[in-house]
Enquirer: 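Shown below is the structure under consideration.
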Amino acid sequence: MYSEKVLDHFQNPRNVGEIENPDGVGQAGNPKCGDIMKIYLRVEDDVIRDIKFKTFGCASAIASSSMATELVKGKTVEEAWNLTNRAVAEALDGLPPVKMHCSVLAEEAIHAAINDYRRKKGLPVEKEESHDELVEHHLHGDEEEK
Amino acid sequence: MYSEKVLDHFQNPRNVGEIENPDGVGQAGNPKCGDIMKIYLRVEDDVIRDIKFKTFGCASAIASSSMATELVKGKTVEEAWNLTNRAVAEALDGLPPVKMHCSVLAEEAIHAAINDYRRKKGLPVEKEESHDELVEHHLHGDEEEK
Amino acid sequence: MARQVYLDYAATTFTDPRVVEAMNPYFTRSFGNPSSIYSFSEENRRAIAEARKQVASVLGSAPEEIYFTGSGTEADNWALQGIASKNRSKGNHIITTKIEHHAILHTGQFLQKNGYDVTFLDVDAEGRVSLETLKKAVTDKTILVSVMFANNEIGTIEPIAEIGAFCRERGIYFHTDAVQATAHVPIDVKAMNIDLLSLSAHKFYGPKGVGALYIKKGVKIDNFMHGGAQERGRRASTENVAGIVGLGAAIELASSRMASASERISRLRDMLIDGVMKAVPHAKLNGAPSGERLPNNANFSFIGIEGETLLLDLDRAGIYGSTGSACSSGSLDPSHVLMAIGLSHELAHGSLRLTLGEETTEEDIQYVLSVLPGIVKERREMSPLWEDYLKSFDKGR
Amino acid sequence: MARQVYLDYAATTFTDPRVVEAMNPYFTRSFGNPSSIYSFSEENRRAIAEARKQVASVLGSAPEEIYFTGSGTEADNWALQGIASKNRSKGNHIITTKIEHHAILHTGQFLQKNGYDVTFLDVDAEGRVSLETLKKAVTDKTILVSVMFANNEIGTIEPIAEIGAFCRERGIYFHTDAVQATAHVPIDVKAMNIDLLSLSAHKFYGPKGVGALYIKKGVKIDNFMHGGAQERGRRASTENVAGIVGLGAAIELASSRMASASERISRLRDMLIDGVMKAVPHAKLNGAPSGERLPNNANFSFIGIEGETLLLDLDRAGIYGSTGSACSSGSLDPSHVLMAIGLSHELAHGSLRLTLGEETTEEDIQYVLSVLPGIVKERREMSPLWEDYLKSFDKGR
Ligand SMILES: Cc1ncc(COP(=O)(O)O)c(C=O)c1O
Ligand SMILES: Cc1ncc(COP(=O)(O)O)c(C=O)c1O
């Protein structure tokens, strides 16, 4: 069911934990659908120097968190904002169709953390799409045949 | 499915054949339901001295014919008239419920042959029930649970 | 032990020992629920995927278009009821034939009772549905046509490709009950424009109690078996892993030898038909000529005798066949198929179906030919119908 | 090879090797169609009759009241749909519960779409339906009550005898899905006033793909599977002889050892429950206390972690269990059963079901106890929910 990469990131998740006094914190998901992801950022010179996550959720949620944090670490905030769920899923060598929403969650949580960072810095905040909008936006067409 | 007796009378039917210039001939059944039974009688002093049958039909029809002829041979015409399908079936150690109508057929054919004999003799003819009436009459209750 | 000649392969086949062997690990060793995510069920998931591929490759479909069921009957029930209810808003008219298996016929009657309009098409004297008859029956409310691939009693093969092309053109779903045809004659759901197809493992040396429904991608159909999310949410019940593996192994085996088996078996079948027609006076062959019927099917009517009688006499000689007579089925009417091809009640009640298979030999056929004519003769002699028939026949000359 | 501990017996069991042995002759040797009249099928007919007796004797019914099906799901579909349509003129109201298996739940929803009024009863925090709740739901249109014998997720045993007595008194048909209970706990359809009962072979060491529906004599029910006249005209499809024989052999074996197995297994299960509750902080046991649940069922919730995660971590340790988490089923909502007993979404998503069986040993349980607490601890440490929970918990004190 899962790719080797997913299993690796699930079993040995990178960047697990918290950052004390983070520059930005964001959370996405809710207990109803069974996934909650929390992202902590340390930003210096507009670059993400450190990132940590805590995730409640299934294997693909944990692997997506791990992979997403890897992908944005060292990137500028701007670049991190543009990380799509598809990029996360691709970096994991794919996710089962029913699990794509987990990668959406990672995108959301990072957006939330970045906006928190911007808010703290007094920078203009970007519009966050809701989870449903993101799922609609990114996954439209995938489940047509259900 | 069939008792030993049924199989015996099916495999070695008694009284098969025709009687030349019979005193009475009767037929029952029709091709539609797959059973036709023809009975030939030789009657002397109101006693059935000889009886033969020809039957198109399933094993229980043939066995019923064979058993019925055995049962009425040597009996008075009156006694023969009163032979019931149940007596035939019992003498065969029973018939499967769906096959009970075959024993009814034997009763009918004997009635028809006796009435033919009476008609020829100028005797009053008894009322024959139709096959459906007989089935209704004799089997009512058997198939309730179908 | 006396000779035993099994000639009822169309009723059911033995399960090929290689198929049983393929199934065996899935009872005691790899028994996990394939819908569970743990690695223990990985082998089962793979085995089911493999079986799906095996079926797909024989039908010319994609594996995702194959759904396993608990029988051919279930596949038939699903196809008709699922299409009917899902497409109710488009129309309530269904067309099928008078010679379908009871699994279609009775489901059709059930739908009639539930507000659907079901047409049962006539067939010709050899059991063939004509495209013309079908065309005349179609209305703008027709949502489904269901015509069997080959008939189980008389073996006649229907013009499936023609019907498929017509239905596709008219945008009407086309289902075929291929329970008798699968792995016996070539099938290509794409080339033949088939939207749904039923099959059953025990007709091609697989186990009983497992079948499949092919559903072309995009076909709108409701579920029949409601419950868990097995078969991608379309057919509930814990997967019968061993049975599904058996179906897959059997369909692969049977189709790999289809050409040679069909040649060998139809040769024996023709020998049987020729022999019977020669040795039994006034015998009648029911169904289509050799090239247009299933390779393994022979069906005769012997005027004057009743089928059950014949079966029991043959049984005593160790020969196992079947009949369209009412008596053997518990109903009072003889085979609807034989009636539909225009047989009289007498002939329909006097039918004998002999269907050949993998273990049938030339000796078997010769044995049947040495036994059958005598039985027919003896039983005819005690038949009032035969007497009448001969008289009218003589008069007719 | 690493240790393998299968603890998902409620999902499916292995087929007992003695059962496989009983089935084997019916694949290759005695393979005839049991509905044929020839002597070749005599052994098959007898084998099916014997299986029917074996089932009847375990349920306390007459053999003629047992009808074989292709799965537990089919038995459930048949019971609900067959009673509903046959008794439509008497009423259109059906009562069942919120904790039924999907085979009942989804069939109930299907009936709702087709003009029936279906009430899904609430249950208490341990998953028990109360007679009071049922009584309140009954109307003069109620034609059927369907309450499962024991729940498949949390193992809670329902007050079947009480419900049966009430339904009988009110003249309402009573069906119970006993798929999890059959041959695991004592059942007596007469004493318990059960009119219909579903069971499935693969839950008591029989093969997958075969089940049965008990229908009390006289109960008015329509057919579900339309076609041939098998099962005395009530369930079409060529009989799955090997499967039916397997079901019979399995039910006999399992019930003959039921008392001792139940004692042994519930002891191990209690050891597991005690061990987990001690070793894992803030663990919750779902379902009823030991005496009122299936002997083999343990179901926990671990706040802060998600079930699929847990399954995969256990899988790596060779332990196979199941969860009520949505993630493992492909839907987004967690187990309807856990929600119905009032669990929060967090707890429902964090559930773990471990079900024991014939091959479970004390070492297995000890192994689980040596592995599980560490896994829970580690995953909790990376969970934002656990963090929040601990904070609120500390505040609460
Ligand atoms: C309570 C209950 N009912 C019905 C079923 C369905 O049985 P089957 O998988 O044989 O269709 C199951 C198990 O899957 C069950 O646990
Ligand atoms: C043409 C046809 N359709 C359907 C069926 C039903 O298949 P099954 O017995 O597997 O339900 C059969 C055979 O029994 C058949 O010959």
Side-chain angles (χ1 to χ4, degrees), chain C residues 4 6 8 11-17 20 24 27-29 31-33 36-40 69-74 76-77 101-103 106-107 109-110 200 202 207-210 225-229 233 236-243 308 311-312 314-315 320-322 328-331, chain D residues 4 6 8 11-17 20 24 27-29 31-33 36-40 69-74 76-77 101-103 106-107 109-110 200 202 207-210 225-229 233 236-243 308 311-312 314-315 320-322 328-331:
Chain C
Q4 290 210 326
Y6 181 78
D8 205 12
T12 191
T13 62
F14 60 87
T15 309
D16 191 302
V20 178
N24 260 327
F27 288 116
T28 47
R29 191 173 52 73
F31 64 85
N33 176 6
S36 300
I37 61 167
Y38 37 65
S39 57
F40 180 64
T69 66
S71 63
T73 298
E74 186 190 330
D76 283 345
N77 273 262
H101 188 269
H102 282 133
H106 289 169
T107 304
Q109 289 158 358
F110 170 77
S200 182
H202 72 98
K208 300 183 193 9
V210 57
M225 199 71 81
H226 304 282
S237 295
T238 304
E239 297 88 341
N240 176 2
V241 187
E308 192 202 76
L311 285 198
L312 290 173
L314 286 170
D315 186 5
Y320 311 121
S322 97
S328 80
S329 71
S331 87
Chain D
Q4 290 209 323
Y6 182 79
D8 204 13
T12 192
T13 62
F14 59 88
T15 310
D16 191 300
V20 178
N24 261 327
F27 288 116
T28 48
R29 189 173 54 72
F31 63 86
N33 176 6
S36 301
I37 61 166
Y38 36 65
S39 57
F40 179 65
T69 66
S71 62
T73 299
E74 185 189 331
D76 283 344
N77 273 262
H101 187 269
H102 282 134
H106 290 168
T107 303
Q109 287 158 358
F110 170 76
S200 182
H202 72 99
K208 300 183 195 4
V210 57
M225 198 71 81
H226 303 282
S237 295
T238 303
E239 297 88 341
N240 177 2
V241 187
E308 193 203 75
L311 286 199
L312 290 173
L314 286 169
D315 187 4
Y320 311 121
S322 97
S328 80
S329 71
S331 86

Enquirer: Can you tell which of C:Glu239, C:His101, C:Arg29 has the highest number of heavy-atom pairs within less than 4.5 Å of chain D?
Expert: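 Heavy-atom pairs under 4.5 Å are most numerous for C:Glu239.
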Enquirer: How far apart are the closest heavy atoms of C:His226 and D:Asn77, and which atoms are they?
Expert: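 Between these two residues, the closest heavy atoms are O-ND2, 2.9 Å.
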Enquirer: Can you tell me which portion of C:Gln109 sits under 4.5 Å from chain D's heavy atoms? Options are side chain, backbone, both or neither.
Expert: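 Nothing of C:Gln109, per the 4.5 Å heavy-atom cut-off to chain D.
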Enquirer: So for D:Thr13, is it side chain, backbone, both, or neither that comes closer than 4.5 Å to the heavy atoms of chain C?
Expert: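 Backbone of D:Thr13 only, per the 4.5 Å heavy-atom cut-off to chain C.
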Enquirer: Less than 4.5 Å to any heavy atom of chain D: does that hold for the side chain of C:Asp76, its backbone, both, or neither?
Expert: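 Neither part.
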Enquirer: Given that the side chain runs from C-beta out, which part of C:Asn33 has a heavy atom under 4.5 Å from chain D: side chain, backbone, both or neither?
Expert: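 C:Asn33 touches chain D through backbone and side-chain heavy atoms alike.
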Enquirer: Let's test your reading of the structure: which of C:Thr28, C:Leu312, C:Leu314, C:Thr69 forms the most heavy-atom pairs below 4.5 Å with chain D?
Expert: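 Top option by heavy-atom pairs under 4.5 Å: C:Thr28.
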Enquirer: Taking every non-hydrogen pair under 4.5 Å, which of D:Phe40, D:Phe110, D:Tyr38 racks up the most with chain C?
Expert: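 Most pairs with chain C among the choices: D:Tyr38.
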Enquirer: Where does the angle between the aromatic ring planes of C:Phe14 and D:Phe31 fall among parallel (under 30°), tilted (30 to 60°) and perpendicular (over 60°)?
Expert: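 Perpendicular: the ring planes of C:Phe14 and D:Phe31 meet at over 60°.
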Enquirer: Which atoms of C:Val241 are under 4.5 Å from chain D, going by heavy atoms: the side chain, the backbone, both sets, or neither?
Expert: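 Both parts, backbone and side chain.
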Enquirer: Please flag which part of D:Ala242 lies under 4.5 Å from any non-hydrogen atom of chain C: side chain, backbone, both or neither.
Expert: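 D:Ala242 has no heavy atom closer than 4.5 Å to chain C.
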Enquirer: For D:Ala236 versus C:Thr73, what's the shortest heavy-atom pair and its separation?
Expert: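 Closest heavy-atom pair between D:Ala236 and C:Thr73: CB-CG2, 3.8 Å.
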Enquirer: Take C:Ser36 and D:Asp8 through the side-chain contact (heavy atoms from CB on, under 4.5 Å) test and state the conclusion after the steps.
Expert: CA-CA 9 Å; C:Ser36 300; D:Asp8 204 13; 3.6 Å; yes
Enquirer: Could you look at C:Ser237 and say if it's the side chain, the backbone, both or neither that has a heavy atom under 4.5 Å from chain D?
Expert: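 Both backbone and side chain.
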Enquirer: Side chain, backbone, both or neither: which part of D:Ser322 has a non-hydrogen atom closer than 4.5 Å to chain C?
Expert: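 Neither; nothing under 4.5 Å.
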Enquirer: Taking C:Ala103, C:Gly70, C:Pro17 one by one, which has the highest count of heavy-atom pairs under 4.5 Å against chain D?
Expert: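 If we count pairs closer than 4.5 Å to chain D, C:Ala103 comes out on top.
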Enquirer: Are D:Glu74 and C:Met225 close enough, and set up right, to give a side-chain contact (heavy atoms from CB on, under 4.5 Å), and what steps lead you there?
Expert: CA-CA 7 Å; D:Glu74 185 189 331; C:Met225 199 71 81; 3.8 Å; yes
Enquirer: Roughly how far apart are D:Asn24 CG and C:Asn24 CG, rounded to 0.5 Å?
Expert: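 Interatomic distance, D:Asn24 CG to C:Asn24 CG, rounded to 0.5 Å: 5.5 Å.
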Enquirer: Using side-chain heavy atoms (C-beta onward) and a distance below 4.5 Å, is C:Tyr320 in contact with D:Ser39?
Expert: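 Result yes, sub-4.5 Å side-chain heavy-atom pair found.
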Enquirer: Taking C:His106 for the side chain and D:Gly227 for the main chain, is one N or O donor matched with an acceptor at less than 3.5 Å?
Expert: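 Yes; at least one donor-acceptor contact below 3.5 Å.
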Enquirer: Taking all non-hydrogen atoms of both residues, which atom of C:Lys208 and which atom of D:Asn240 are closest, and how far apart?
Expert: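 In terms of heavy atoms, the two residues are closest at O-OD1, 3.4 Å.
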Enquirer: Name the member of D:Ser200, D:Gly243, D:Gly233, D:Gly321 that forms the most heavy-atom pairs with chain C at distances under 4.5 Å.
Expert: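 Top option by heavy-atom pairs under 4.5 Å: D:Gly321.
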